[in-house]
*Asks:* 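Provided herewith is a single structure, encoded as structure tokens, for subsequent inquiry.
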Amino acid sequence: MHEEPYAQSILDMAIEKAGDRSITEIVLEVGRFSAIDPKSLEMFFVCLSKGTVAQKASLIFEIVPVTLECKMCHKTKTIDIPQDRPVQPFLASHFRDGCSCGSKKLTVTQGLGIEIATLKIE
Amino acid sequence: MTKKIIEVRQSVTAANDSVAEKIRKCFDRYGIWVLNLISSPGAGKTSLIEKTIEALSPNIAITVIEGDPYTSMDSDRINAAGARGIQINTHGGCHLDARMIENALCETSEKIIDFGTVDMIIIENVGNLLCPAVWDLGQDNTTVVTSLTEGSDKPFKYPETFIRADTLVINKMDLKPYLPPPSAELKPNAMSINPALKIFELSCTNGDGLSDWYEWVKMNIRKKKTGIHAKA
Ligand SMILES: Nc1nc2c(ncn2[C@@H]2O[C@H](COP(=O)(O)OP(=O)(O)OP(=O)(O)O)[C@@H](O)[C@H]2O)c(=O)[nH]1
Ligand SMILES: [Mg+2]
Ligand SMILES: [Zn+2]
Ligand SMILES: [Zn+2]
């Protein structure tokens with residue numbers, strides 16, 4: 001239940017961008033690794049947005065898969081992990097195998113955090 | 001009215017990140033090394049800070065920012081250990097954010113913190129593995145403190161925290177003889193999702209492994225100081 005600060009900053013950012021027009025939709029890109037529960041985020045958003053231009057906005061959640069980048073050759077690899085499965089075995093095996101160039105130095109470059117993609121206003 | 005789509009493409013933490021960048025510049029200017037300590041409740045953050053103060057001060061001037069939901073118990077311990085402790089109460093909030101750090105330093109900077117005389121700032125975040133790592137505080141390094149008693153599955157339950165961190169302290173190694181063998185899997189489990197982690201296995205109770213930690217801390221402080229000299 002720690003989604004309140006996220007809901008508050010989504011609201012602040014959206015209102016700033018929308019000016020005085022009303023917001024009907026906010027598309028969020030949520031990293032596969034981010035510890036965000038969309039239901040709980042939505043609940044806080046509904047409470048916090050009452051009486052603002054965002055009070056009728058619906059939140060759309062799009063999951064961003066985890067991407068690994070090789071530090072040596074900069075090749076990237078996207079790992080598809082089903083939503084209901086733990087991430088660890090998938091990630092561990094990729095780190096163990098390393099990159100096709102032979103390097104073992106991989107870093108996670110996508111799939112962390114949460115981003116506002118677009119707003120729909122009217 | 002016409003509908004319109006606005007491209008935002010910005011992290012939800014953008015506002016926090018820009019405050020963090022601002023205070024990071026300030027730390028950089030003074031060559032202060034800043035460490036963000038994250039752990040579940042009771043892993044031993046305050047114990048590790050106490051040990052670090054005992055070992056390194058007064059040669060190294062340490063200021064500690066203590067994030068705590070309600071009490072000042074940890075900053076009292078810091079003051080007792082002989083360093084300056086600054087309290088931030090989050091009133092139930094589960095993490096510190098950059099604005100809180102800025103406010104804590106600005107409220108006190110004139111009278112209490114003379115940035116020019118501080119070598120290191122340790123931030124003890126709120127005890128929670130879920131979200132503190134997401135909120136940048138302008139630190140140089142992010143260290144997760146775990147303890148052997150917490151169970152070796154923590155890196156898998158909180159992957160984001162272990163991936164964002166650069167250092168891992170495994171504390172309470174003195175308890176190893178009393179724990180079932182799987183507790184030893186904490187280290188390989190953490191490395192399996194973040195092979196770049198620098199790992200310290202230690203015990204704040206019997207002191208084992210602490211000297212490597214102190215060396216790492218001192219090396220970072222030196223590096224940060226040389227950094228400002230190099231820039232100047
Ligand atoms: N056996 C053992 N106990 C330890 C060790 N380090 C800390 N402790 C004990 O663990 C308990 C919690 O330690 P703290 O340092 O207060 O932990 P913390 O992470 O600061 O806790 P919060 O701030 O409440 O989240 C205390 O009772 C410590 O004495 C250790 O290396 N071994
Ligand atoms: Mg503490
Ligand atoms: Zn490669
Ligand atoms: Zn939080």
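Lettering of chains follows the sequences in order, A, B, ..., and the numbering in each one begins at 1. Source: prediction; values computed, not measured.
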*Asks:* Are there residues of residues 96-113 of chain A that reach to under 4.5 Å of chain B by heavy atoms, and which ones?
*Replies:* A:Val108, A:Leu112, A:Gly113
*Asks:* Suppose we screen for ring-ring contact (aromatic ring centres under 6.0 Å, His included). Which residues come up paired with B:Phe200, at least two apart in sequence or across chains?
*Replies:*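 B:Trp213, B:Trp216.
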*Asks:* Would you be so kind as to tabulate the donor-acceptor pairs closer than 3.5 Å made by side chains of residues 22-31 of chain A, with sequence neighbours excluded?
*Replies:*
residue: A:Thr24; atom: OG1; partner: A:Lys120; partner atom: O; Å: 3.2
residue: A:Glu29; atom: OE2; partner: B:Arg9; partner atom: NH1; Å: 3.3

*Asks:* Looking at A:Thr118, A:Ile10, A:Ile36, A:Ile116, which one has more heavy-atom pairs under 4.5 Å with chain B than the rest?
*Replies:*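 Among A:Thr118, A:Ile10, A:Ile36, A:Ile116, the one with the most close pairs to chain B is A:Ile116.
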*Asks:* Under 6.0 Å from the CE atom of B:Met191, do we count more than 12 heavy atoms belonging to anything else shown?
*Replies:*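 For B:Met191, atom CE is not crowded (no more than 12 foreign heavy atoms under 6.0 Å).
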*Asks:* Among all residues two or more places apart in sequence or in another chain, which pass the ring-ring contact (aromatic ring centres under 6.0 Å, His included) test with B:His95?
*Replies:* B:Trp135
*Asks:* Working to the nearest 0.5 Å, report the span between CD of B:Glu7 and NZ of A:Lys17.
*Replies:*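 The CD atom of B:Glu7 sits 11.0 Å away from the NZ atom of A:Lys17.
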*Asks:* Using a cut-off of 6.0 Å, state whether more than 12 heavy atoms not belonging to B:Lys176 lie near its atom NZ.
*Replies:* no
*Asks:* Using every non-hydrogen atom in the two residues, find where B:Ser11 and A:Glu115 come nearest and quote the distance to one decimal.
*Replies:*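 Smallest interatomic distance, heavy atoms only, reads N-CG, 3.7 Å.
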*Asks:* With chain A, which of B:Asn189, B:Asn16, B:Ile193 has the greatest number of heavy-atom pairs at distances under 4.5 Å?
*Replies:*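 Sorted descending by pairs with chain A, the first entry is B:Ile193.
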*Asks:* Would you find a donor on one side and an acceptor on the other, under 3.5 Å apart, between the side chain of A:Ser9 and the backbone of B:Thr13?
*Replies:*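 Not confirmed, A:Ser9 side chain does not pair with B:Thr13 backbone.
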*Asks:* Check each atom of B:Val12 against the heavy atoms of chain A and say whether the ones under 4.5 Å are side chain, backbone, both or neither.
*Replies:* both
*Asks:* Less than 4.5 Å to any heavy atom of chain B: does that hold for the side chain of A:Phe95, its backbone, both, or neither?
*Replies:*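 For A:Phe95, the contact with chain B is made by the side chain alone.
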*Asks:* Crowded around B:Met219 CE? As in, over 12 foreign heavy atoms under 6.0 Å?
*Replies:* yes
*Asks:* Need one label for A:Pro5: side chain, backbone, both or neither, based on atoms under 4.5 Å from any heavy atom in chain B.
*Replies:* both
*Asks:* Tell me the closest heavy-atom pair linking A:Met13 and B:Ala14, and the distance in Å.
*Replies:*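 Looks like CE-CB, 4.2 Å.
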*Asks:* How long is the straight-line distance from OG1 of B:Thr2 back to CZ of A:Arg21, given to the nearest 0.5 Å?
*Replies:* 5.0 Å
*Asks:* Can you tell me if CZ on B:Arg77 sees more than 12 non-hydrogen neighbours from other groups inside 6.0 Å?
*Replies:*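 Atom CZ in B:Arg77 is crowded, with more than 12 foreign heavy atoms closer than 6.0 Å.
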